[in-house]
Every structure is written in C-alpha cells, then in structure tokens.
Amino acid sequence: MGSERGRSLAIRTQASTAVTEGNEERSEVGAASDRGLSRTLVTLDRSLATEGAAIGRPRTFTGSSTDVESVVYSTGNTTVDRATERVLGGESLSRRDGLALLAQPVEDLAPAADYVRAQRNDDTVDACSIVNAKAGNCAEDCGFCAQSVHFDTGIDTYGFLDPEEILAAAKRAERDGAQRFGIVVAEKGVSKEKRPEEWERVLEAIRLVRDETDVEADASLGILTEEEAEILVEEGLNHYNHNIETSPNFFPEIVDTHSFEDRVRTLEIAKDAGMDLCAGVILGMGETPTDRVDAAIALQDIGVSSVPVNVLNPVAGTALGEKLGDSADISTEEIVKTIAVYRFLHPDARVRLTGGREVNLDAEEQHLPFEAGADGILTGDYLTTHGNDAAEDLEIIERAGMEPNMDANEFDPDAVRARADGGADPVEEPDTAAGTAESKAGDPRNDRGEASNASD
C-alpha cells in the first residue's frame, strides 16, 4: 500500500541535545534515565524521508536549568510545541487541538508524539492476543465485518469453543509474549438470560485463563447488562473491549442494526462495574480526517486505558470490501499522523496498533507508528485473517527502539524467535476461523512463502 497509495516514509534516529543555561549553550550526547529525571538529557531527532530525501529538522531541549520541569521540547513548529508543552503540563487537549495537530507536517508531529509517549509512559510495547471464540452468523450488519450473516464471505463458522480450546490459545499467546488475552465472540452480545449455557462457558473460559496462565484475561462479548458486567468483574476480567469503530457522525454509514450510543452505553456499564476499557477505531473506511479526531474525542469522553487502532483490511463479500476494493481509504502518512494525534489526545493510554497493519503498511513501514506515539500491539492472528507472528512483531518493536512489556508475563523473547525459526518445542496452532476470510488486499506474507490468507 505504501508504494501505491501515499508517501513511503522512513525514520532515522540521531541522538543530540541542546541545553541552554543563561547565554551559554552546550551540546552533549547521553542517555536519559527514569524518563528524563537524570541531568543528562537526550532528544531523539527523528527525520522523515520521502523517496530518500530527508525533510526533518533538529529537535532541541531548551530551558534555564537542567530541572526536567523547566525543559521544553521544541520542533520549531509552534502548534506542535505548544501542544506538547500543554500535554506534559497535565492539560487535556480539545477537538480543536486535535484538528490543528492533524494538519501539521508529519515530520514535526510524529517525533513530538513519541516524546509525549516517552515522558508520560515508558519505552515498552504491550502485546495482546485474541481468540475468535464464536465465529460467524452474527446478526449485525457492520460493513467491515466478515462474520456478519448479511455478507457472503465464506469463513468458517462455529458456536462457542470448548473452554479448554480457549485455554490452549491463551497458553500459546502467553508463550508468544502477550500480556493480555482477549476472548472475542461474533454476536450483538452474550446473554446470561437468553443463552445461559453459553454464558457459563464464557465464565469457565475466563477462569481457566485467569488461573492457568500469567496473561490478563480480557473479553469482547458485545453488549452487556449491568448484572453481566458485575459478574465478569467478580470473575477477574481485566479489560473489556468494545470498539466504537468511528465517529458518531460516520457510524450510521457503517452500521444500521445498532447505534453508536448502544456501544457507548455498554462501555459505560463495563466501566461502572470496575473494568478497564479497551475501545478504538478502524481507519480507512471512508471517514474524513475530522471523523478520526471526533472518534478520539468520543473516547476521551468515555475514558479508556487502551486505544486499539485498526486499519481496514477489505474482505471480499463485505459491504466495504465491495465499495473500496482492495485497499483502505487512507495513506501511510495519514496512518502515522492519526496515531500521533491519538497519542496527544490520550497521553496516558496504550495506543495500540492492531488489525490491518500488515496489508496497509509495507514491511519496512510497520515500525513507523511506534515512532509516532504507539506503544501497544495485537500480535498473532486476528478473528478471520492471519497476522504477523510474534517474532516478526518483536523485530518491529526493536526496530522502533523499544522493548516488549513484561509486567504480567515474563516471557523469553529468544524462545519466541527460536520457535519462529523452526526450532525445538513448537506450539500447536489453535484451530479457529483465523485465515478463512479472503482479503481483497491479498496476503503480504505470500512474498515470504507463508500463508495464502491475508492479515486483518
């Protein structure tokens, strides 16, 4: 996509500092410890290149002392610099701010967002994985979804998996470095009242993941009642995922069978019950740049701790697959800039790059969002399509100068790489619907002689 639709971007990193004390300037190279609490300050000059021509310019720290509170990050872009200063001062940015930032050059915006991420969070990337626990035959008509009964996509369909199968998928995710594991169903909502046997299987699966792995148990179970949310909290569910998909204004263009407000209400119920929220968007569905900002503001109003950013992978047979053809309606630069703006608008959240990255970003571009404020990733397969393997994602994380998070699950990255290379102790692939949808974008892994189904 990057070679055909939009500029191909590359980031190079140089370490430099400029600390001003009175009228005397000095430059030095060093490493900032504890997120800038050291007297040695480092700024990363990340320049963006288009077709080999560097267009970045130096970033500097200026201040009257080496007290971190008086140090100002500067790109020379007034809009970006003021936004950076305000966010680091604890101010929440507005819709107007988001729109102004989105209009700024990516070479100014991306490194500033990365700096905000480093100051407000850390240098780790948090990996999550999911399992398609109930595939297909969903009555909703979401225009992007291969699992809707309204579209003929040819995917594998099945009822709720045996909880032991879900545990096996969770253990694979654990060994691949995931910190959290999401149990996902394809339906408007699980129902304790209407489908009590399925509800009990959901709870059993949560208990197994909670008790027999080190990953945190998350779920995406559709619309919830207050009683159901309270039960999920009692069972130890950590995050609840329910994406808003897009802005309130554009949502009716994508979904008819339920409303934007329905989704928001479920998030409010989950939050009131005590769950952390994982809620995000899909980019490239035909929305405007303003819609992208409006979606981020809606998530601000809700209050989320994880913001998954998907990029549409058009699936043959879906409404958007037929409308948009073989590519999402967004360029590489727009993806990077949107990630950066989401970091400014959600400075303390995990901004998580998720589905569709493999088909919308070239292999040499997948690290770019992590140099523009992203610090989370969904690794492994998606619901109906293949994703990168864990070793590939470790390489992307390292290329961006970051490290995998190990707060919940202290895994062995070398073992992950060895398994990817065909070494000893392989882990069996869980049998789910992943890989059964046909992406109209094709499969980027074909060039590497791997699976024939595409990523999402």
Does this structure show an ion pair linking [X] with [Y], if we count only N-O contacts that are shorter than 4.0 Å?
X: Lys192; Y: Glu200; answer: no
X: Asp375; Y: Arg343; answer: yes
X: Arg399; Y: Glu364; answer: yes
X: Arg210; Y: Glu216; answer: no
X: Glu395; Y: Arg417; answer: no
X: Arg82; Y: Asp97; answer: no
X: Glu226; Y: Arg265; answer: yes
X: Arg117; Y: Asp123; answer: yes

**OP:** Could you tell me which residues satisfy ring-ring contact (aromatic ring centres under 6.0 Å, His included) with Phe251, sequence neighbours excluded, listed by chain and number?
**Re:**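 Checked Phe251 against ring-ring contact (aromatic ring centres under 6.0 Å, His included); matches are His258, Phe260.
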Could you tell me whether the side chains of [X] and [Y] share a donor-acceptor contact shorter than 3.5 Å?
X: His239; Y: Ser306; value: no
X: Thr288; Y: Asp291; value: yes
X: Asn409; Y: Asp214; value: no
X: Gln147; Y: Asn132; value: yes
X: Asp262; Y: Ser259; value: yes
X: Thr257; Y: Glu140; value: yes
X: Asn241; Y: Ser220; value: yes
X: Asn77; Y: Thr75; value: no
X: Asp276; Y: Ser305; value: no
X: Thr379; Y: Asp393; value: yes

Which pair of heavy atoms, one from [X] and one from [Y], lies closest together, and at what distance?
X: Arg120; Y: Leu88; value: CG-CD2, 4.0 Å
X: Leu324; Y: Gly284; value: CD1-O, 3.4 Å
X: Ala83; Y: Leu101; value: CB-CD2, 3.8 Å
X: Ile223; Y: Glu228; value: O-OE1, 4.2 Å
X: Asn405; Y: Gln179; value: O-NE2, 2.9 Å
X: Asn121; Y: Ala349; value: ND2-O, 4.1 Å

How long is the gap from [atom1] on [X] to [atom2] on [Y], to the nearest 0.5 Å?
X: Arg357; Y: Leu283; atom1: CZ; atom2: CG; result: 14.0 Å
X: Cys138; Y: His150; atom1: SG; atom2: NE2; result: 8.0 Å
X: Ile231; Y: Ile206; atom1: CD1; atom2: CD1; result: 10.5 Å
X: Thr332; Y: Asn360; atom1: OG1; atom2: CG; result: 8.0 Å
X: Leu353; Y: Glu358; atom1: CG; atom2: CD; result: 8.0 Å
X: Ile377; Y: Ile397; atom1: CD1; atom2: CD1; result: 5.0 Å

Kindly say whether [Y] contributes a backbone atom to a donor-acceptor pair with the side chain of [X] at under 3.5 angstrom?
X: Lys271; Y: Ile302; value: yes
X: Tyr158; Y: Ala133; value: no
X: Glu371; Y: His367; value: no
X: Asp294; Y: Ser247; value: no
X: Glu334; Y: Ser331; value: yes

Subject >> side chain to side chain donor-acceptor pair (under 3.5 Å) partners of Thr157, counting only residues at least two apart >> reply: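 For Thr157 there are no side chain to side chain donor-acceptor pair (under 3.5 Å) partners, ignoring immediate neighbours.
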Original post:
With Phe144, which of Val315, Asn310, Leu312, Thr318 fulfils side-chain contact (heavy atoms from CB on, under 4.5 Å)?
Top reply: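 Of the listed options, the one satisfying the test is Leu312.
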Subject >> Residue from Val125, Val304, Asp126 passing side-chain contact (heavy atoms from CB on, under 4.5 Å) with Arg350 >> reply: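 So, applying the side-chain contact (heavy atoms from CB on, under 4.5 Å) to Arg350 and each of Val125, Val304, Asp126, only Asp126 qualifies.
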